[in-house]
Amino acid sequence: MSRAVHRVGPFAGPGVGAAAETAQGLAPWNDLLREHFVALDVDDVDRDGPFRSRVRSALVGHLSAAVVSSAPQSACRTTGLVRSDPRVYLQVGMVAQGRAVLEQDGREAVLEAGDFAIYETDRPFAWHFPGPWTLNVLTWPRELVPLGAEVTRAATARALGGDRLGAIVGHTLADTAESPPELSAAAGGRLAGQLAALLGTAVGESLRRDEVLSPGSAADLRRRVDEYVVEHLADPDLGPEDIARAHYLSVRALHRVFADDDTTVGALIRRRRLQQARRRLLDPRGADTSLTEIAHVCGFADLASFSRRFKQEFHEAPGSYRRRAGL
């Protein structure tokens, strides 16, 4: 089966490439934005004055890293453009020079030099630039960014970069846009994924610190953690630290999200281990599997701890539970 090609910017697919183009006038500028990013409507411009604009893009794996500069303007992605242009990206815009305002999802972020914010192209958004400006723009195909939809909806159009973590992440993203490394396609893909993960760390910490996760966002995070736990039950060392790291959270933030649901991460892991063990005990296809093997597959350190936990939960030893089921 062939793999899907993730087109980003003026490049046919992930790999190595670079492009630098200039535009004189509004119509060529609209075309240039559509080619390198997505379709936008540009307005609030001085139609009689000089209007020189420039985009330089480089491909880093499946990530487009661009530097954009132009005259004062507003650039809007309307509902109509979203319908007519199906490309779905997660983008980061970082002000390198000038000042900008980003609007999306009912929020407005005022960005000064060094600040950055995320936005997504499957919903309307708008950039407003009151003066000449330069913006670093990083663009990932949305499906290749490991952040849940509820998380990113809570994070769009929020100024990032004002704390120490944000400054570290912002510096790394700016360096990638301004001086993209020359890498093989495989190495570029790895770096693109690592940068997305780094961005996720900054986004997650900002949301937890500001306590802006909606109930739906927290529920989505608990669901994804639950799925992660089920996938990693065989790891006897599975715990809050590993789970938090995999989801770009601090351990404290992870515990706080589950406290809102009147449970704990440890209780979730124990419950899923025991549920899987019970299913295996009742599965006739595994009738010859020993209790010790079941214990290890479900992440218990040994048979004794498995038997103790199972009896506490189901009020019966695993061996007698299996025999009563006729296996």
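Here the structure is a predicted model, which means the values were calculated and not measured.
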Take Val88 and Asp122 through the side chain to side chain contact (heavy atoms under 4.5 Å, CB included) test and state the conclusion after the steps. CA-CA 5 Å; Val88 182; Asp122 62 343; 3.9 Å; yes

List the steps, then state whether side chain to side chain contact (heavy atoms under 4.5 Å, CB included) holds for Leu111 with Val101. CA-CA 6 Å; Leu111 306 176; Val101 177; over 6 Å; no

Go through the steps for Leu32 and Phe37 under the test side chain to side chain contact (heavy atoms under 4.5 Å, CB included), then give the verdict. CA-CA 8 Å; Leu32 204 56; Phe37 307 107; over 6 Å; no

For Leu40 and Thr78, what are the C-alpha separation, side-chain angles and deciding distance, and is it a side chain to side chain contact (heavy atoms under 4.5 Å, CB included)? CA-CA 8 Å; Leu40 298 168; Thr78 64; over 6 Å; no

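Between Arg142 and Glu120 there is a salt bridge, since a side-chain N of the basic residue sits under 4.0 Å from a carboxylate O of the acidic one. Salt-bridge annotation for Arg34 and Asp31: present, with a side-chain N of the basic residue lying under 4.0 Å from a carboxylate O of the acidic one. Under 4.0 Å is where a charged nitrogen must lie from a carboxylate oxygen, and between Arg224 and Glu227 no such pair does.
Going from atom CZ of Arg223 over to atom OH of Tyr228 covers 15.5 Å, rounded to the nearest 0.5 Å. Rounding to the nearest 0.5 angstrom, the gap separating the CG atom in Leu274 from the CZ atom in Arg279 is 11.0 Å.
Listed for the Thr176 side chain is a donor-acceptor partner under 3.5 Å among the backbone atoms of Thr172. Side-chain atoms of Arg77 come within 3.5 Å of backbone atoms of Ala39 as a donor-acceptor pair (strictly under, hydrogens ignored). Not one N or O on the side chain of Thr134 forms a donor-acceptor pair closer than 3.5 Å with the backbone of Ser69. Under a 3.5 Å cut-off, the side chain of Thr152 and the backbone N or O of Ala149 do form a donor-acceptor pair. A donor-acceptor contact shorter than 3.5 Å links the side chain of Ser84 to the backbone of Leu81. Panel note: side chain Trp140, backbone Ala192; a donor-acceptor pair is recorded below 3.5 Å. The main-chain N or O of Ala167 is never found under 3.5 Å from a side-chain atom of His171 such that the two would form a donor-acceptor pair. With hydrogens and angles disregarded, a donor-acceptor distance shorter than 3.5 Å links the side chain of Arg158 to the backbone of Ala154. Checked by atom type and distance alone, the side chain of Ser320 never pairs as donor or acceptor with a backbone atom of Glu316 at under 3.5 Å. Here the side chain of Asp283 pairs a donor or acceptor atom with the backbone of Arg285 at under 3.5 angstrom.
Within the structure, no pair that satisfies the salt bridge (charged side-chain N to carboxylate O under 4.0 Å, His left out) test touches residues 304-313, not counting sequence neighbours. Pairs engaging residues 268-278 under the salt bridge (charged side-chain N to carboxylate O under 4.0 Å, His left out) rule: Asp226-Arg272 [sequence neighbours left out].
Between Phe300 and His296, the ring centre distance reaches or exceeds 6.0 Å.
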Please report, to 0.1 Å, the donor-acceptor pairs under 3.5 Å made by any side chain of residues 235-242, with sequence neighbours excluded.
{"residue": "Asp235", "atom": "OD1", "partner": "Asp237", "partner atom": "N", "Å": "2.9"}
{"residue": "Asp242", "atom": "OD1", "partner": "Arg245", "partner atom": "NH2", "Å": "2.7"}

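Shortest non-hydrogen contact noted between Pro124 and Val82 is N-CG2, 4.0 Å.
By the 30° and 60° cut-offs, the orientation of the rings of Tyr321 relative to Phe310 is perpendicular.
Asn136 and Glu178 are linked by a side-chain donor-acceptor pair at a separation below 3.5 angstrom, with hydrogens and angles left out of the test. No hydrogens or angles considered: nothing links the side chains of His128 and Gln73 as a donor-acceptor pair under 3.5 Å.
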